[in-house]
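These values consider heavy atoms only, across backbone and side chains, with no hydrogens, waters or symmetry-generated copies. Counting starts at 1 for both ligands and their atoms, in listed order.
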Amino acid sequence: MSTTPVSTGTLTTGVWSGPGRVNLIGEHTDYNDGFVFPFAIEYRTSVALAVRDDGRIRVSSSFDPEPVEVALADLAGLFPDRRDEVIEWARYPLGVAWALLEATGADVASVTGVDLTFTSDVPVGAGLSSSAAIESATAAALNDVWGLGLDRVALARAGRRAENEAVGAPTGIMDQMASLLGRADAGTFLDCRSLEAEVVDLGFAPAGLELLVIDTKVTHAHSTGGYGERRAACERGAAIMGVAALRDLSVDDLPRAQELMDDVTFRRVRHVVTEDQRVLDAVATLRSDGPRAIGPLLDASHVSMRDDFEISVPELDLAVETARAAGAIGARMTGGGFGGAAIALIDHELVGPATAAVEAAFVDAGFAAPHIFTVHPSEGARRDS
Ligand code: ADP
Ligand code: MG
């Protein structure tokens with residue numbers, strides 16, 4: 001591979017984009033074969049695609065002045081074993097191209113070379129999945145231009161494979177599904193075992209509600225170890241209960257689990273089992289009573305992550321408590337934990353006062369200033385022009 005751009009004088013064929021996402025409820029349930037309920041947001045990564053006639057793929061991004069270029073025929077040799085030869089950000093789009101070719105068995109000689117130029121307004125590392133945004137934009141563009149005919153679930157699988165094997169990040173498929181299946185004003189209720197997804201109306205706007213994101217900007221050094229420890233505890237709990245995954249347990253099984261396990265393993269299990277139930281309850285409650293009724297489920301999700309799964313941090317707890325005190329109808333940390341963002345469901349007219357209250361509370365506590373903004377359920381990856 002080379003990093004020297006070789007322009008063949010191509011024309012832009014089109015522009016596609018993929019959104020970031022926020023997880024409304026369902027945390028650490030995806031790798032337990034359970035349920036999640038994220039939605040795509042209005043922050044997007046766009047890709048301008050130009051075809052080229054030399055069988056090569058070049059990616060460039062506003063993040064990095066240096067483009068990366070490789071022959072399509074060489075992708076199969078690069079991933080996963082020689083991925084370290086590719087600068088990390090470029091592994092996302094090149095990994096998606098590789099995964100799509102692998103998934104379809106397409107002959108590289110039969111697909112056109114491409115230049116992919118990315119721009120994005122998705123905040124990176126804020127728990128809004130800029131990684132899924134770049135993956136879904138790439139997958140949607142190449143699926144169209146290469147005429148692969150893959151459905152959205154297949155594109156999501158390619159995105160996950162890119163992230164797991166080309167980048168080397170052990171993530172589930174929630175982010176890619178949310179980014180590819182999003183609809184305006186709706187969430188994606190996803191069964192992480194069957195990958196069946198349902199679009200569920202959220203009705204925030206008609207109810208006068210906003211979803212506030214409070215990015216604490218905290219990143220904890222032990223998040224990787226903490227994530228691994230939580231995953232291991234979940235596997236241990238499932239093995240003790242004799243089930244394939246914690247998804248196979250219900251809240252009725254918890255008393256027996258408590259008898260069989262040590263306290264820490266039991267509390268990890270209790271979080272996952274009750275969180276799965278909260279996702280199901282949130283979907284049912286939205287349908288029966290509308291978005292104002294889901295507040296207590298968001299609050300309970302936070303308490304469970306704070307006390308049972310033990311993945312919150314003081315900044316997240318303060319964000320949640322202050323937003324609640326400022327009138328939010330529900331609030332919780334979102335994402336993997338040990339830092340990142342909290343979300344709060346709140347009346348439109350309380351956004352300003354709640355933002356000010358959280359900012360003031362962070363000053364009082366001596367914490368770094370958070371970044372606070374609203375997000376709106378938006379359309380998934382699409383062709384824009
Ligand atoms: P996030 O929570 O934002 O998904 P990740 O660590 O999973 O955080 O993914 C962020 C990484 O994805 C970035 O460090 C970069 O490598 C890559 N990335 C995301 N968006 C872009 C972009 N527009 N251009 C280049 N790389 C990007
Ligand atoms: Mg990510």
Side-chain angles (χ1 to χ4, degrees), residues 3 15-23 27-28 30-31 36 38-49 57-69 79 83-97 99 115-141 156 158-180 182 213-221 223-224 226-227 311 316 333-343 371 373 375 381 384:
T3 55
V15 177
W16 285 255
S17 65
R21 66 95 190 96
V22 70
N23 194 18
E27 222 66 74
H28 288 264
D30 59 347
Y31 56 80
V36 293
F39 64 82
I41 58 177
E42 67 269 45
Y43 294 94
R44 306 181 77 87
T45 295
S46 294
V47 57
L49 183 149
I57 178 168
R58 183 176 69 183
V59 293
S60 55
S61 166
S62 51
F63 283 29
D64 184 346
E66 196 70 28
V68 176
E69 183 175 316
F79 299 126
R83 66 179 179 228
D84 291 347
E85 294 174 28
V86 182
I87 189 167
E88 186 171 271
W89 74 264
R91 293 180 209 161
Y92 292 85
L94 294 178
V96 169
D115 282 348
L116 301 174
T117 306
F118 296 95
T119 53
S120 180
D121 64 4
V122 186
V124 174
L128 299 180
S129 206
S130 67
S131 56
I134 190 171
E135 288 157 9
S136 68
T138 305
R160 175 177 57 179
R161 185 152 187 222
E163 190 143 349
N164 292 169
E165 297 181 37
V167 178
T171 56
I173 201 168
M174 165 172 76
D175 299 354
Q176 293 84 4
M177 290 290 278
S179 184
L180 280 151
V213 175
I214 304 161
D215 177 9
T216 67
K217 309 253 193 82
V218 176
T219 49
H220 272 233
S223 67
T224 308
Y227 182 80
I311 54 172
L316 287 168
M333 54 153 286
T334 185
F338 307 105
I343 55 173
H371 179 210
F373 50 99
V375 292
D384 292 313

Chemist: Would you find a donor on one side and an acceptor on the other, under 3.5 Å apart, between the side chain of S179 and the backbone of D175?
Modeler: no
Chemist: Excluding sequence neighbours, so at least two apart, what forms side chain to side chain contact (heavy atoms under 4.5 Å, CB included) with A141?
Modeler: W16, V47, L49
Chemist: Between the side chain of Q176 and the main-chain N/O of A132, is any donor-acceptor distance below 3.5 Å?
Modeler: no
Chemist: Excluding waters, how many protein N/O/S atoms sit closer than 2.8 Å to the Mg ion (ligand 2)?
Modeler: 1
Chemist: Can any side-chain N or O of R91 pair as donor or acceptor with the backbone N or O of R83 at less than 3.5 Å?
Modeler: yes
Chemist: H28 vs Y31 aromatic rings, parallel, tilted or perpendicular, using cut-offs 30° and 60°?
Modeler: perpendicular
Chemist: Using atom types as modelled and distance alone, determine if a side-chain donor or acceptor of T334 lies under 3.5 Å from a backbone N or O of N23.
Modeler: yes
Chemist: Which residues pass the side chain to side chain contact (heavy atoms under 4.5 Å, CB included) test with A178, not counting sequence neighbours?
Modeler: R21, P38
Chemist: Could you go through ligand 1 and note, for every N or O atom, any protein N or O atom closer than 3.5 angstrom, writing the atom names and distance to 0.1 Å, or 'none'?
Modeler:
from	atom 1	to	atom 2	distance (Å)
ligand 1	3 (O)	G125	N	2.8
ligand 1	3 (O)	S130	N	3.1
ligand 1	3 (O)	S130	OG	2.7
ligand 1	4 (O)	S130	N	3.2
ligand 1	4 (O)	S131	N	3.1
ligand 1	4 (O)	S131	OG	2.9
ligand 1	7 (O)	S131	OG	3.1
ligand 1	24 (N)	S61	OG	2.7

Chemist: Do T138 and Y92 have side chains that get closer than 4.5 Å, going by heavy atoms?
Modeler: no
Chemist: Counting only N and O atoms by type, is there a donor-acceptor contact under 3.5 Å from the side chain of D121 to the main-chain atoms of R44?
Modeler: yes
